[in-house]
Protein chains: 2
Amino acid sequence: MRRGVELLFFGYTRLTRAIDDGLAEHGLGRAHHRALYFIARQPDLTISELLKILAITKQSLGRVLTDLAEKALVETRTGVVDRRQKLLRLTAEGVRFEAQLFDALRTSLASAYAAAGQESVTGFWRVLEGLIPAEDKAMVIALQKDI
Amino acid sequence: MRRGVELLFFGYTRLTRAIDDGLAEHGLGRAHHRALYFIARQPDLTISELLKILAITKQSLGRVLTDLAEKALVETRTGVVDRRQKLLRLTAEGVRFEAQLFDALRTSLASAYAAAGQESVTGFWRVLEGLIPAEDKAMVIALQKDI
DNA sequence: AAGATGGGGCAGCCATATTGACGTATCTAA
DNA sequence: TTAGATACGTCAATATGGCTGCCCCATCTT
C-alpha cells in the first residue's frame with residue numbers, strides 16, 4: 001500500500017521535472033504545459049472541456065491561456081455549432097513546442113516501459129484507471145478515442 | 001505513450017485530492033502531508049534526508065516543519081550519533097492524524113488494486129520504479145526496507 | 001585550529017491556485 | 001419574443017508552496 005503511494009509520488013514528480021527546463025526556456029510553467037498537452041491531444045477543445053480535465057478554476061486557466069496566446073502557441077476560433085464556445089488549437093509553433101516537450105516525457109516513459117515489459121505496462125494502466133473517480137472516467141476515456 | 005502520461009496525471013492528481021479536505025480541516029496543505037507521510041514512514045529521519053526525498057529547498061521545508069511543530073504533530077530530538085542532526089518524529093497526535101489521512105489514500109488505492117488484480121499491481125510498481133532516476137533510486141529503495 | 005557539514009533564518013520574489021462577484025454574447029425553451 | 005441558462009471573460013483580493021542569495025551557529029572531522 002505505502003509502496004504504491006510513494007512510487008506514484010516519485011514517479012509523477014520525477015517525470016514532470018523532466019520538462020521543467022524546456023518550459024523555463026520559454027518562461028512557462030507546468031500549468032502551461034498541462035494546457036498545451038491537452039489542447040494538443042484534442043484540437044478544437046472548448047474552454048469548459050479543458051476546465052473539466054484540469055479541474056482548476058476559470059481564472060487560473062484564463063491566465064495560462066492568455067500567456068499561451070501571447071506567445072503564439074495557442075489560438076482560438078469561435079465555435080461553429082455554438083458561437084459562445086471558443087475552440088482551442090495549437091499554432092504551428094505550439095505544435096512544435098509541445099512535441100519537443102512530449103519527447104522528453106516519451107523518452108523517460110519509454111525507458112521505464114522497456115525496463116518493465118509490456119505486461120507490466122498493461123498493469124500500470126489498469127491500476128491508474130482504477131484511481132480515477134467514476135465521475136471523471138467518461139472524460140478520460142473520451143480522450144483516448146483517438147490514440 | 002500519451003495514455004501513460006495522462007493516466008499518471010489523472011491518477012496522481014485525483015489520488016492527492018482525496019485528502020485535501022482532511023488537511024484543510026487542520027489548516028494544512030499537501031506540502032505538510034508529504035512531510036508527515038515520510039516522517040511517519042521513517043521515524044527519526046533527519047532534515048537532510050527528508051530534503052533529499054522531497055527534493056525541495058531547506059527554506060520551503062522549514063516553513064512546513066514549523067507549521068507541523070506548532071500544531072504539535074511533529075517533534076524533533078537531537079541526533080545521538082551526530083548532535084548537529086535533528087531527528088524527526090510524529091507525536092501521538094501526528095501518528096493519529098497521518099493514519100487518518102493515509103486511510104483515505106489506502107481506500108482509493110485498495111479499490112484500484114482490487115479492480116486491477118495483483119498481477120497488474122506488480123506491473124504498476126515496475127513501471128513506476130523505472131521512472132525514478134538512477135540517482136534517486138537508492139533513496140527510494142531505502143524507504144522500502146521496512147515495509 | 002581550520003574547514004566541512006547539519007541545521008536555522010532573513011528578505012524578497014514568483015507561479016499557481018483559490019473565491020466571489022459581475023458583464024457580455026449567445027443559445028434554448030416557454 | 002422574451003426569460004433564463006450557458007460559455008466565456010475579468011475584476012480584486014488572498015493563500016500556498018515553491019525559489020534564490022546570503023548569513024548565522026553548533027558540531028564534527030582532520
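Numbers restart at 1 for each chain; the letters A, B, ... are given by sequence-line order, proteins then strands. All values reported here derive from a predicted model rather than from experimental measurement.
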key: B:Leu131-B:Ile141 co-clustered via ILVMFWY side chain contacts under 4.5 Å   =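 Different hydrophobic clusters.
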
message = Hydrophobic clusters here meaning ILVMFWY residues chained together by side-chain heavy-atom distances under 4.5 Å, can you tell me if A:Val5 and B:Trp125 are in one?
response =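 Yes: a chain of side-chain contacts under 4.5 Å links A:Val5 to B:Trp125.
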
Using a strict threshold of under 4.0 Å (side-chain N to carboxylate O), is an ion pair present between [Y] and [X]?
{"X": "B:Glu93", "Y": "B:Arg96", "value": "yes"}
{"X": "B:Glu6", "Y": "A:Arg34", "value": "no"}
{"X": "B:Arg106", "Y": "B:Asp103", "value": "yes"}
{"X": "B:Asp136", "Y": "B:Lys52", "value": "no"}
{"X": "A:Glu98", "Y": "B:Arg2", "value": "yes"}

key: Residues from residues 58-71 of chain A lying under 4.0 Å of DNA chain C - heavy atoms   =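 Those residues whose heavy atoms fall under 4.0 Å from DNA chain C, taken from residues 58-71 of chain A in numerical order, are A:Gln59, A:Ser60, A:Arg63.
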
request  = Could you tell me the separation between the OG1 atom of A:Thr91 and the CZ atom of A:Arg89, rounded to the nearest 0.5 Å?
outcome  =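 A:Thr91 atom OG1 to A:Arg89 atom CZ measures 11.5 Å (nearest 0.5 Å).
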
ask   = Nearest-Å distance, CG (A:Leu87) to P (C:dT26)?
value =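 Taking atom P of C:dT26 as the reference, CG of A:Leu87 is at 14 Å.
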
ask   = Using a cut-off of less than 4.0 Å, is there contact between a side-chain N or O of A:Arg83 and OP1 or OP2 of C:dT26?
value =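 It does, given that an N or O in the side chain of A:Arg83 lies less than 4.0 Å from OP1 or OP2 of C:dT26.
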
ask   = Would you say a side-chain N or O of B:Thr57 is under 4.0 Å from OP1 or OP2 of D:dC19?
value =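 Yes, B:Thr57 has a side-chain N/O under 4.0 Å of OP1/OP2 on D:dC19.
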
task = Please work out if A:Ser48 contacts a base, only the sugar-phosphate, or nothing of the nucleic acid, heavy-atom cut-off 4.0 Å.
result =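 The answer is sugar-phosphate, as A:Ser48 gets under 4.0 Å only of primed atoms, P, OP1 or OP2.
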
key: Interface residues of residues 24-38 of chain B with DNA chain D (non-hydrogen, below 4.0 angstrom)   =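 Result for residues 24-38 of chain B: B:Gly29, B:Arg30, B:Ala31, B:His32, B:Arg34, sorted by number.
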
key: Between B:Phe102 and B:Phe97, ring centroids under 6.0 Å   =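 So the answer is no for these two rings.
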
message = Side chains of B:Leu88 and B:Val74, heavy atoms from C-beta outward: is any pair under 4.5 Å?
response =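 They are in side-chain contact.
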
inquiry  = Ignoring hydrogens and geometry beyond distance, is a side-chain donor-acceptor pair present between A:Tyr113 and A:Gln118 at under 3.5 Å?
reply    =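 Short answer, no.
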
task = Would you mind telling me which of C:dG8, D:dC19, D:dC8 lies closest to the side-chain atoms of B:Ile47?
result =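 Output: C:dG8.
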
What does the list of N/O pairs under 3.5 Å between the protein and nucleotides 1-3 of chain D look like, with a distance for each?
none

